[in-house]
Amino acid sequence: MTYEVQTPVFEGPFDLLLHLILREELDLYEVSLSTIVDAYLAELDRLAGSEARLDLEVATEFLLIAATLIELKARRLLPAPEALDLDDELGLWEERDLLLGRLLECKTFKDAAVTLSAMEGVAGRSQPRRAGPEERFLALAPDLLAGVTPEALRAAFLRACTPRPVPRVEIAHLGAVRASVNDAVEELSRTLPGLGPTTFRRLTIGLSARLEVVVRFLALLELCKLGLVDLHQAQRFGDITVAWSASPDRFAAGDDARISVGVGRR
Amino acid sequence: MSAEHPGAGATETRRALEALLMVAEDPVDPQLLAQLLETSPATVESCCEELAAGYRTEERGFVLVRVAGGWRFQSDPELSAYVERFVLEGQTARLSAAALETLAIVAYRQPVSRSQVAAVRGVNVDGVMRTLQVRGYVEEVARDPGPGQAALFGTTTTFLEKLGLDSLADLPPLGDFVPDAATVEAFEQGLRGTPLPVDR
Amino acid sequence: MSAEHPGAGATETRRALEALLMVAEDPVDPQLLAQLLETSPATVESCCEELAAGYRTEERGFVLVRVAGGWRFQSDPELSAYVERFVLEGQTARLSAAALETLAIVAYRQPVSRSQVAAVRGVNVDGVMRTLQVRGYVEEVARDPGPGQAALFGTTTTFLEKLGLDSLADLPPLGDFVPDAATVEAFEQGLRGTPLPVDR
């Protein structure tokens, strides 16, 4: 009758985060970005490899959370911009508080669910009497079909046969990110081999939107994971050097599907 | 009470009997009770008789009776007046949503087996089907020719009358309703008799 | 037993209660019982409590409990081993972790819309909510008066019965589950992002 936590199958991004933070007893900033991204990609692989359909909402939510974390962390890793954008800074704190609030809320209900399950287990040890009145009384009961119309019956049939609703796919707000990470991977794969060693700072120069920086970071992580790029940071807050490590033909011969980022896979 | 019995085993048997008979919806065969309690049918019979006598002595509002080949709890006939009032006033005068859905499936998919209905509803429907049968809305109309020879159910003339329909052809058409794969599978799966959670 | 009661009236009330509870299909509201017995709800309550205590003393195999706003007979939990053997449906599939978490949110936040639940869970909950509806744990209880008129969900009587609760007020307070100060501090610390070793 005990409640079993299903690890490492994650129900969603909060599950993953809670798992990383609580089970590993790590603080968020000690979770390496690659761990998060690896877990994210592993989750997508699991979904792709299983009977379960890849839920785009889950996938995008993972991406959103990962991006927020990466952004929070990147803030600490990247050199502070010369002129601190106060709005950006405040926005970041807001996001952080929002994330904290959601994590705490999620944890609260997770724990409540364990208790409810235990209560159900205890209550389930008793079976109720549901025999109802003896047959001789049943004739007395009022007409059970009073007021039931043929249309109500039809509605009841449709209700009984209603298929599980197909998860709504709302990607409008994340469509840009999804396309951009793929695009960034492609773009970097084209430009990096001919560029020689460079730095993350240089690669993101001229990018004004935070989102674009994060996306480029994600793209680099993906390339790094695939062994196509070497990332190196000599010192804390130092520049991250980026170097293409694969021979030019390796990418060309590579499997495009592997290169594209998880969300785009189906 | 336990003092009346020679040992802990007898008390346990008596208590288990009371528990089983309390949750049973139909009279329970002493053979089955004996099997469940890992004792002899004779022990079950004597224990039930003893229990029944005890309830009479204690002037309980319920009685334990031997009926239709088994033992069951029922209300003391002397208190019928209360039960009648309860049935008339107390019960909700409508079919539950679950019962209506079950009836609808039988109406539109007849002849259909209990397990097929259960598979579509995703819950055990034995209790609900029994109510529908007792009320005369559905009845057994055939037997499945397959290996299990499951009873197949359909709606009755009473059902048509209650809904003001001349015939089943007058049921509102389902229109462009196409059962999804899961429902179709449920109908098929139902024939294999997969155990399901009970409808509560 | 009747000697324990001052008069014939009390015995009659007790006997009628036992008869009614024996034929009930759901927990019976004390108000309804009082109406049927032409007595006060308080008398019904005290009489039921007395009966329940008596069954315990007599070590009956059944118990009388207050659940989902009413009184009902059920098997003694100590005898679950026998009852489970008999009631196959007792071995219902347990709710998944996802369903339980969703159920917890509905229980504590009701009335609540699907999208509000989804916002807390961080994932789409349509499938899980349907499962909970089909299993009878939650139901649509209202419509959001706002522009979208989203369906608002709440828990059912079945939910109370399954959890052995008399009413929602008996749910353990949500405050019991709010992460303690140390956990909150750890989360905050983590998100504050003190300078850290370089990521590999």
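Sequence lines set the chain letters: A, B, ... in the order given, protein chains first and strands last, and positions in each chain run from 1. Keep in mind that the numbers below use all heavy atoms, side chains included, and drop hydrogens, waters and symmetry copies.
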For this session: Of all the heavy-atom pairs spanning Leu21(B) and Arg129(A), show the shortest one and how long it is.
Result: O-NH1, 3.3 Å

For this session: Might you point out which heavy atoms bring Ala104(B) and Leu153(A) nearest each other, and give the distance in Å?
Result: CB-O, 3.3 Å

Seminar exercise, completed: Turns out that what part of Ala19(B) lies under 4.5 Å from chain A's heavy atoms comes down to neither

Exercise. Which heavy-atom pair separates Pro172(B) from Arg154(A) by the least distance, and what is that distance?
Worked result: CB-CD, 3.6 Å

For this session: Kindly give the heavy-atom pair with the smallest separation between Ala152(A) and Leu100(B), and that separation in Å.
Result: O-CD2, 4.4 Å

Seminar exercise, completed: Heavy-atom closest pair (Leu174(B) atom, Leu158(A) atom, distance to 0.1 Å) is CD2-CD2, 4.2 Å

Seminar exercise, completed: The interface call for Leu163(B) against chain A, heavy-atom contacts under 4.5 Å, is both

Exercise. Does some side-chain heavy atom of Phe157(A) sit less than 4.5 Å from a side-chain heavy atom of Leu171(B)?
Worked result: no

For this session: Sort out for me which of Gly164(B), Gly136(B), Ser75(B) touches chain A most, counting heavy-atom pairs under 4.5 Å.
Result: Ser75(B)

